[in-house]
Amino acid sequence: MKILSIILSLGILCSCDIQEAASPSLPTGNPPQGPPPMGMQNGGQNTNAGTNSGTAGEQSFDNNNTDLASGYKYFESNVEVYQEGDYMVINTTGIPNHGSPYFNSSDSRYEAYNGSNSQFFTAPNSISNSPVTYRIPLSPTKASSAEATPLGPIGVALNGIPFYNQYAAGRSPLTNEINTFDQYNGHPQQQGQYHYHVEPLYLTLNKGKDALLGYLLDGFPVYGPEENGNTVSNNELDAYHGHAHATADYPNGIYHYHITDADPYINGSGFYGNPGTISR
């Protein structure tokens, strides 16, 4: 695990080194409205599988097949997913499949900020190609001793974008950095790796607030901020920000994380299970 911590810590700190100690709150309001993004025009299902994505230089993969375990078939077509022994391998470019003000203004994917945060400001970073390979345990188990999540990727969303933990650089709170999140709640760090610290609005807008949204590196799934029609609060979750019961994707029951609207947002006191590895 020491090798993993070294790999994850190199050059992947967030853009803002915030020194304030207050616990941050997410901006209120609704996500941007408009036609569903490319590949999501069919009730939230991936309609691009097996086709060209339409964006120059991007490859499309067909993950919507029964050979993939459980929720892994729901990864979108800009992400390559396959099983290798006891691990699921996920290859991503790190480029979001939605617009953002963090693309160059001449890029067709540039989308001016149209979210609800009146305090939004653009961080001095831009999105760049950031390939990552995740090797995630196929049959996750509870760790005998919990390992803290590192700065940098702690998991991956269904559209290939990394999940980061609840900290900015230096493990400072996200107090001001939250105001640099674009209309889909992501932003790039200094090396250009776009990522989510909080609810990925592109996914919950198109898949639903109660949907499977991705996996942490320990193999346990991440679900949205609602369950059984109700908003999930932090006090309903354990120290790792999850709980265990049956879900639509795991009818026999599984431990799973929930994203909430308050710190720590995605994950609490480290990984519940034993984390896999990432490489670049």
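Scope of the values below: all heavy atoms of this structure, side chains included, with no hydrogens, waters or symmetry mates. Numbers here are sequence positions counted from 1.
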Taking the six-membered ring for Trp, are His241 and His258 ring centroids under 6.0 Å apart? no
Taking the side chain as every heavy atom from C-beta outward, state whether Pro173 and Gln166 have any pair of such atoms under 4.5 Å apart. no
Would you check if the side chain of Asp182 reaches a backbone N or O of Tyr102 as a donor-acceptor pair within less than 3.5 Å? no
Kindly state whether the ring of Phe103 and the ring of Tyr110 have centres lying under 6.0 angstrom apart. no
Residue pair Asn206 / Tyr202: nearest heavy atoms and the distance that separates them: ND2-O, 2.8 Å
Backbone N/O of Asn228 and side chain of Asp210: donor-acceptor pair under 3.5 Å: no
Using ring centroids (six-membered ring only for Trp), state whether Tyr134 and Tyr215 fall under 6.0 Å. no
Restricting to non-hydrogen atoms, name the atom on Lys142 and the atom on Phe220 that form the minimum distance, rounded to 0.1 Å. N-CZ, 4.3 Å
Measure the spacing between CG of Asn129 and CD1 of Ile95 and express it to the nearest 0.5 Å. 5.0 Å
In this structure, CG of Asn185 is separated from CD1 of Ile161 (nearest 0.5 Å) by 13.0 Å
Flag, side chain of Gln83 to backbone of Gly85, donor-acceptor distance under 3.5 Å: yes
Taking the six-membered ring for Trp, are Tyr164 and His195 closer than 6.0 Å centroid to centroid? yes
Do Leu158 and Val79 make a side-chain contact, defined as non-hydrogen atoms from C-beta onward lying under 4.5 Å apart? no
Taking atom CG of Asp107 as the centre, report whether more than 12 heavy atoms of other residues, nucleotides or ligands fall under 6.0 Å from it. yes
Backbone N or O of Gln191 within a donor-acceptor pair of the Ser128 side chain at under 3.5 Å? yes
Residue pair Val156 / Pro162, side-chain heavy-atom distance below 4.5 Å: no
Indicate whether any N or O donor in one side chain lies under 3.5 Å from an N or O acceptor in the other, for Glu76 and Asn97. yes
One should read off an interatomic distance between Leu138 CG and Ser70 OG, to the nearest 0.5 angstrom, of 7.5 Å
Test Asn91 against Val89 for side chain to side chain contact (heavy atoms under 4.5 Å, CB included), laying out the working first. CA-CA 7 Å; Asn91 290 318; Val89 179; 4.2 Å; yes
Note: with side-chain heavy atoms under 4.5 Å as the link, the other cluster members for Leu237 come out as Val232
Mark yes or no for whether Tyr72, through its side chain, and Met88, through its backbone, hold a donor-acceptor pair below 3.5 Å. no
Report yes if some heavy atom in the side chain of Tyr255 is under 4.5 Å from a heavy atom in the side chain of Pro221; otherwise report no. no
Where do Phe163 and Leu213 come nearest, in terms of heavy atoms and distance? CZ-O, 4.0 Å
One pair to check against side chain to side chain contact (heavy atoms under 4.5 Å, CB included): Glu177 and Asn179. What are the steps and the verdict? CA-CA 5 Å; Glu177 190 163 307; Asn179 292 322; over 6 Å; no
Of the non-hydrogen atoms in Pro200 and Ile259, which two are nearest, and what is the gap between them? CD-CD1, 3.5 Å
With sequence neighbours left out, what residues match Tyr194 under ring pair (Phe, Tyr, Trp, His ring centres under 6.0 Å)? His98, Tyr196
Within a strict 4.5 Å, meaning less than it, do heavy atoms of the Leu217 and Pro153 side chains meet? no
Just to verify, what does Asp249 make a side chain to side chain contact (heavy atoms under 4.5 Å, CB included) with, not counting sequence neighbours? Tyr74, Leu212, Tyr223, Thr247
What's the separation between atom CG in Leu216 and atom CD1 in Ile136, rounded to the nearest 0.5 Å? 8.5 Å
For the pair His243 and Tyr257, evaluate ring pair (Phe, Tyr, Trp, His ring centres under 6.0 Å) and give the outcome as yes or no after the intermediate values. CA-CA 7 Å; His243 55 195; Tyr257 301 99; over 10 Å; no
Pro225: which residues meet the side chain to side chain contact (heavy atoms under 4.5 Å, CB included) condition with it, sequence neighbours left out? Glu199, Thr204, Lys209
When every non-hydrogen atom of Ser130 is compared with those of Gln193, the smallest separation belongs to OG-CA, 3.4 Å
To the nearest 0.5 Å, atom CD of Glu227 lies from atom OG of Ser233 at 11.0 Å
Between CG on residue Asn159 and OG1 on residue Thr92, distance to nearest 0.5 Å: 9.5 Å
Side chain to side chain contact (heavy atoms under 4.5 Å, CB included) between Phe181 and His197: does it pass, once the steps are laid out? CA-CA 9 Å; Phe181 296 169; His197 291 272; 3.7 Å; yes
Nearest heavy-atom pair of Tyr250 and Gly71: which atoms, and what distance? OH-N, 3.8 Å
Would you say that Glu80 contacts Tyr82 through its side chain, given a criterion of any heavy-atom pair below 4.5 Å between the two side chains? yes
Tyr265 side chain near Leu174 side chain, heavy-atom distance below 4.5 Å: yes
What pairs of residues pass the salt bridge (charged side-chain N to carboxylate O under 4.0 Å, His left out) test when at least one of them lies in residues 117-134, not counting sequence neighbours? none
Are the side chain of Asp218 and the backbone N or O of Pro275 linked by a donor-acceptor pair below 3.5 Å? no
For Tyr87, the side chain to side chain contact (heavy atoms under 4.5 Å, CB included) test, sequence neighbours excluded, returns Arg135, Pro137
Could you tell me if the side chain of Tyr272 sits less than 4.5 Å from the side chain of Asn267, heavy atoms only? no
